[in-house]
2 protein chains.
Amino acid sequence: MYVPLHYISILFNIMPKVKQFNRNEVLSAAAHIFQTKGYNGTSIDEILKATGLSRSSLYDSFSDKHSLYLQSLEFYKSNQEAAFESVDKKEMNGLEKIEFLFKEAVNHLINHPKENGCLMVNAAAEMSKLCIQTSEIICNNKENLQEIFSEWLMDAQNKKVLHLSKPVKSYSTFLFNALCGLKVLSQSGASKNELLNVAKVTVEALH
Amino acid sequence: MYVPLHYISILFNIMPKVKQFNRNEVLSAAAHIFQTKGYNGTSIDEILKATGLSRSSLYDSFSDKHSLYLQSLEFYKSNQEAAFESVDKKEMNGLEKIEFLFKEAVNHLINHPKENGCLMVNAAAEMSKLCIQTSEIICNNKENLQEIFSEWLMDAQNKKVLHLSKPVKSYSTFLFNALCGLKVLSQSGASKNELLNVAKVTVEALH
DNA sequence: AGTGTAACGGAACATACATTCCAAGAAAAT
DNA sequence: ATTTTCTTGGAATGTATGTTCCGTTACACT
């Protein structure tokens, strides 16, 4: 039977120096760099400089570069799903939530031009075929976001705001697809108006 | 005044050893590796092994890794645009061409799962914010493909197959967006049916 | 103050990598 | 066969990078 080290420390009155950094802040900074420069394009030194961590602290707490990458992906994924859920909490019907989310996504892409799109999309492009763990995170993210889209679509149908001619799942995949597209498009020289138009046409396609 | 070396060679009866490789074959192989592993993920050694070239031949003919990457992008871009134009030559109306192209795109993505999506999309994700030359190629590719989509949409309108309520450009961007999305989606664990459904909903959105 | 533990800093290491360089080889024409 | 010039092979170089290791430091508790 294993006991958390923390408990043992208390039992024996041992309280060593505590971590000088915040795990989430490190993952956030790391995710940001990975998003900008890709996995193979970012060096440990850059991460150290951006996080202020020492080499040994990073390796002690995050094992190695690849493991840090996966943890950063998970962190980013959680944040993205949390953003969806915060939209979900708003007092809107499903269709309005979809519309709101797409507008927000476009605004974010335009207002943060240096952020290089989306870590999930970039990871899918760079790593999905090379690293099964990365592809699992990406795949899971896709399923979760599609599921939320499905719920919103069903809500809109229940409230008679929408009348879909195909299974809901076709449309939720369609929406997820369009969202991924926007994240690529924003890296391909598209203007804000173009992105907004794509969002509009996409949402109107549901009618 | 400068004269092509080739001419001088003929004038002076000088005919040195000719190149032992085909430029397009090298670019095709290089584009393939860059697509699979990304720019920063592929080493010169891998390219040498895949192309059979010697180190010096590669540097003589393609300058350096970065230049080879850009040339591979241009090569891939030309092929992609040629594929669009070969669809354009078919005896179909614009809407049928759009439908055909999307189905072909899905089939290609499914039938070549190891190819890692699309070099243009992957390059947009990895390099667009880091390398202006890359972003120019990507941007130009976007404009060219959108232009073809626009022509097809206008053709469909002229033939009364389609009645669009917004400017044609909104829809051509929408189509290009969906196409980019599909290339990400195929890397995110989507099934063939999902991709086909997205293509269907996308095309039907035009009605 | 003293003690024990883990965090920290930085040097050190091994490897991978892009690039250069030079000598040898090979084709075309005489 | 010889000449000319470019291609080719492979060694060599210098740097960047991921990772390890060890001595020091700082914290929490007695």
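Quick note: numbers below take in every heavy atom, side chains included, and nothing from hydrogens, waters or symmetry partners. Being a predicted model, the structure only gives us computed values, none of them experimental. Each chain gets a letter, A, B and so on, in the order the sequences are listed, and its residues count up from 1.
With a 4.5 Å cut-off on side-chain heavy atoms, A:Ile138 and A:Met127 do not count as touching. Two residues are said to be in side-chain contact when any heavy atoms from C-beta on lie closer than 4.5 Å; A:Tyr39 and B:Asn40 fail this criterion.
One can place CZ of A:Phe62 at 18 Å from C1' of D:dT20, the figure rounded to the nearest angstrom. Whole-Å rounding puts the B:Lys49 NZ to D:dG10 C1' distance at 16 Å. In this structure, B:Asp45 places its CG atom 13 Å from C1' of D:dA11, rounding to the nearest Å. A:Asn22 has its CG atom 15 Å from the P atom of C:dA7, to the nearest Å. Counting to the nearest Å, the P atom of C:dG25 and the CZ atom of B:Arg55 are 20 Å from each other. In this structure, A:Asn40 atom CG and C:dA18 atom P are separated by 11 Å, rounded to whole Å. Rounded to whole angstrom, the span from the CD1 atom of A:Ile47 across to the P atom of D:dT19 amounts to 10 Å. Rounded to whole angstrom, the span from the OH atom of A:Tyr59 across to the P atom of C:dA7 amounts to 17 Å.
Across all strands, B:Asp60 comes closer than 4.0 Å to base atoms (heavy-atom distances). Using a 4.0 Å heavy-atom distance criterion, A:Thr42 is classed as a sugar-phosphate-only contact. A:Ser43 comes within 4.0 angstrom of the backbone, heavy atoms only, and of no base.
Dashed line: the shortest gap from a side-chain N or O of B:Ser54 to OP1 or OP2 of D:dT8 is not under 4.0 Å. One finds no side-chain N or O of B:Ser57 lying less than 4.0 angstrom from the OP1 or OP2 phosphate oxygen of D:dT7.
Where A:Ser63 and A:Glu46 each meet DNA chain D at their nearest nucleotide, the meeting point lying more 5' is that of A:Glu46.
Geometrically, A:Lys97 does not engage A:Phe84 in a cation-pi contact defined by less than 6.0 Å to the ring centre and at most 45° from the axis.
Proximity note for A:Ser56 (side chain, C-beta onward) versus D:dA11, C:dG10, D:dT8: the nearest is C:dG10. Side-chain atoms of A:Phe21 lie closest to C:dC8 of the nucleotides D:dG18, C:dT20, C:dC8.
Using a 30° and 60° split on the angle between ring planes, A:Phe149 and A:Phe102 fall in the parallel class, below 30°.
The ring of A:Tyr69 has its center closer than 6.0 angstrom to the ring center of A:Phe34.
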